[in-house]
> 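My questions will all concern the structure given below.
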Amino acid sequence: MIVVTGATGNVGRWLVRTLAEAGESVTAVARGIAGLDVPEGARAVRADLASPESLRPALDGAEALFLHDGGAGGPGLDPHAVLAVARAAGVRRVVRLSSQGVVSRPDSPSHGGTMRAVEDAVRDSGLAWTILRPGGFASNAFAWAESVRAERTVAAPFGDVGLPVIDPADIAEVAALALRKDEHAGQVYELTGPATVTPRQQAEAIGAALGEPVRFVELTRAEAHARMATFMPEPVVATTLSILGEPNAAELRLSPDVERVLGRAPRSFAEWAERNIGAFR
């Protein structure tokens with residue numbers, strides 16, 4: 001049995017489905033499971049990584065654990081305690097969803113600090129481990145869904161700065177193999193899309209999938225900062241704007257790891273937009 005934490009997220013939902021379709025017994029774990037649509041062969045269990053003991057019912061009989069805490073370490077997360085509970089339950093393998101920022105932004109408190117500490121705990125857990133380090137998610141474009149539905153408009157800073165954003169479905173499919181196959185133990189996979197894509201190009205791709213134009217409005221850095229500060233801690237806002245506006249060489253690199261693991265090229269942003277266009281109608 002495989003346990004998927006963060007099962008309500010963009011990666012977790014797809015991972016639960018991918019594993020169930022492969023015939024695996026899956027337990028989907030989240031803090032809130034009301035309305036969670038789990039496929040046949042899967043079950044949903046409410047638990048909170050911030051309270052490791054709450055995981056015991058979910059981990060009973062599990063062989064593998066997908067560890068995702070919502071990013072930046074999660075509030076109050078003690079990764080050593082979580083992994084100790086998993087080990088005591090008989091879990092043999094853990095796949096950690098981390099971030100490219102662990103290496104590309106080592107001075108960031110959230111990435112180089114907290115998220116690096118979780119990675120270190122995974123390595124020291126005594127379990128067979130795999131670490132996934134994706135770049136930016138294509139699904140971050142869901143933040144534009146309301147403005148696209150209402151006004152056919154996308155507003156974002158740095159309109160012509162591109163990044164190789166990754167489809168969460170590709171992350172999930174890599175994770176599914178790592179959770180099931182011994183050959184991925186001890187590996188760190190950097191996961192990116194097949195090409196850099198700018199916010200302006202993303203707006204065009206959404207428009208193409210809709211079949212009508214979507215106007216791009218470029219925000220100033222200050223405007224973007226003010227918007228992000230309403231739902232992100234200040235250090236995360238600063239790091240995010242730096243990545244979006246002045247990506248370094250590591251953040252621009254196109255990684256071969258998705259193709260190396262899956263045997264196919266990663267999906268493009270346009271493919272993500274076509275699959276998810278219902279959110280923008």
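Numbering starts at 1 and runs along the sequence shown.
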> Mind checking whether Trp144 and Val214 have side chains closer than 4.5 Å, heavy atoms only?
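SC-SC contact between Trp144 and Val214 ruled out.
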> When hydrophobic residues are tied together by side-chain contacts of less than 4.5 Å, even through go-betweens, does Phe137 share a cluster with Leu67?
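They do not share one cluster, since no chain of ILVMFWY contacts under 4.5 Å joins Phe137 to Leu67.
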> Considering all heavy atoms of both residues, which atom of Ala172 and which atom of Leu15 are nearest to each other, and what is their separation?
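Here Ala172 and Leu15 meet closest at O-CD1, 3.4 Å.
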> Whether the side chain of Ser268 engages the backbone of Glu271 through a donor-acceptor N/O pair (distance < 3.5 Å, no angle test) should be reported.
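Judged by distance alone, yes, a pair lies under 3.5 Å.
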> Is there a donor-acceptor contact under 3.5 Å from the side chain of Ser98 to the main chain of Arg133?
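Between the backbone of Arg133 and the side chain of Ser98 there is no qualifying donor-acceptor contact (under 3.5 Å).
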> Distance-only, no hydrogens or angles: does the Ser51 side chain make a donor-acceptor pair with backbone N or O of Ser54 under 3.5 Å?
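Answer holds: no.
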> Ignoring hydrogens and angles, tell me if any N or O in the side chain of Thr239 forms a donor-acceptor pair with the backbone of Val236 under 3.5 Å.
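Not at all, since once roles are kept as given, no pair shorter than 3.5 Å links the two residues.
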> Checking the side chain of Arg152 only, and the main-chain atoms of Arg215 only, is there a donor and an acceptor separated by less than 3.5 Å?
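Not a single qualifying donor-acceptor pair exists.
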> Mind listing the closest non-hydrogen atom pair of Ala28 and Val38 along with its distance?
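Heavy atoms only, the tightest pair is CB-CG1, 4.0 Å.
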> Going by heavy atoms in the side chains, are Glu173 and Trp14 under 4.5 Å from each other?
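Touching, per the 4.5 Å side-chain cut-off.
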> Determine whether the side chains of Ser104 and Glu251 contain a donor N or O and an acceptor N or O closer than 3.5 Å.
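Distance-only check passes for Ser104 and Glu251.
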> Do Arg93 and Thr130 come within less than 4.5 Å of each other through their side chains, counting heavy atoms only?
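Heavy-atom side-chain distance check fails, nothing below 4.5 Å.
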> Is it possible for you to check whether Arg123 lies under 6.0 Å from the centre of the six-membered ring of Trp129, through NZ or CZ, and within 45° of that ring's axis?
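Flagged: Arg123 positioned over aromatic ring of Trp129.
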> Any Lys/Arg nitrogen of Arg96 or Asp120 sitting under 4.0 Å from an Asp/Glu carboxylate oxygen of the other?
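Salt bridge flag = no for Asp120 with Arg96.
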> Would you check if the side chain of Ser255 reaches a backbone N or O of Thr192 as a donor-acceptor pair within less than 3.5 Å?
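No; zero donor-acceptor contacts below 3.5 Å.
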> Between CZ of Arg13 and OG1 of Thr8, what distance do you get to the nearest 0.5 Å?
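Interatomic distance, Arg13 CZ to Thr8 OG1, rounded to 0.5 Å: 6.0 Å.
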> Salt-bridged, Asp170 to Arg264, with N to O below 4.0 Å?
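Between Arg264 and Asp170 there is a salt bridge, with a charged N closer than 4.0 Å to a carboxylate O.
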> Could you tell me whether the side chain of Val258 reaches within less than 4.5 Å of the side chain of Ile166, counting heavy atoms only?
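Ile166 vs Val258: side chains touch.
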> Which class fits the ring pair Phe142 and Phe280: parallel under 30°, tilted 30 to 60°, perpendicular over 60°?
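Parallel, since the angle between the ring planes stays under 30°.
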> Please round to the nearest 0.5 Å and tell me the distance separating atom CE of Met232 and atom OG1 of Thr240.
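Reported value, rounded in 0.5 Å steps: 4.0 Å.
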> Counting distance only, does the side-chain N/O of Gln201 pair as donor-acceptor with the main-chain N or O of Thr198 below 3.5 Å?
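Yes; at least one donor-acceptor contact below 3.5 Å.
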> Between the side chain of Arg87 and the main-chain N/O of Ser125, is any donor-acceptor distance below 3.5 Å?
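Side chain of Arg87 to backbone of Ser125: a pair is present.
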> Are Glu246 and Arg221 close enough for a salt bridge, meaning some N to O gap below 4.0 Å?
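Salt bridge: yes.
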> Ser147 and Thr153: which non-hydrogen atoms are nearest, and at how many Å?
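Shortest heavy-atom separation between Ser147 and Thr153 comes out as OG-O, 2.6 Å.
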> Measure the shortest side-chain to side-chain distance between Leu97 and Pro134 over non-hydrogen atoms and say whether it is less than 4.5 angstrom.
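Side chain of Leu97 against side chain of Pro134, heavy atoms only: contact under 4.5 Å found.
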> In the structure I gave you, are the side-chain heavy atoms of Glu234 and His225 within less than 4.5 Å of one another anywhere?
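A side-chain contact under 4.5 Å exists here.
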> Can you see which heavy atom on Ala20 is nearest to which on Val26, and at what distance?
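That would be N-CG2, 3.9 Å.
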> So, Arg46 side chain and Gly32 main chain: donor-acceptor pair closer than 3.5 Å or not?
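No; zero donor-acceptor contacts below 3.5 Å.
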> Under 3.5 Å, is there a donor-acceptor pair between the side chain of Asp257 and the main chain of Glu190?
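Side chain of Asp257 to backbone of Glu190, a donor-acceptor pair under 3.5 Å: yes, one is there.
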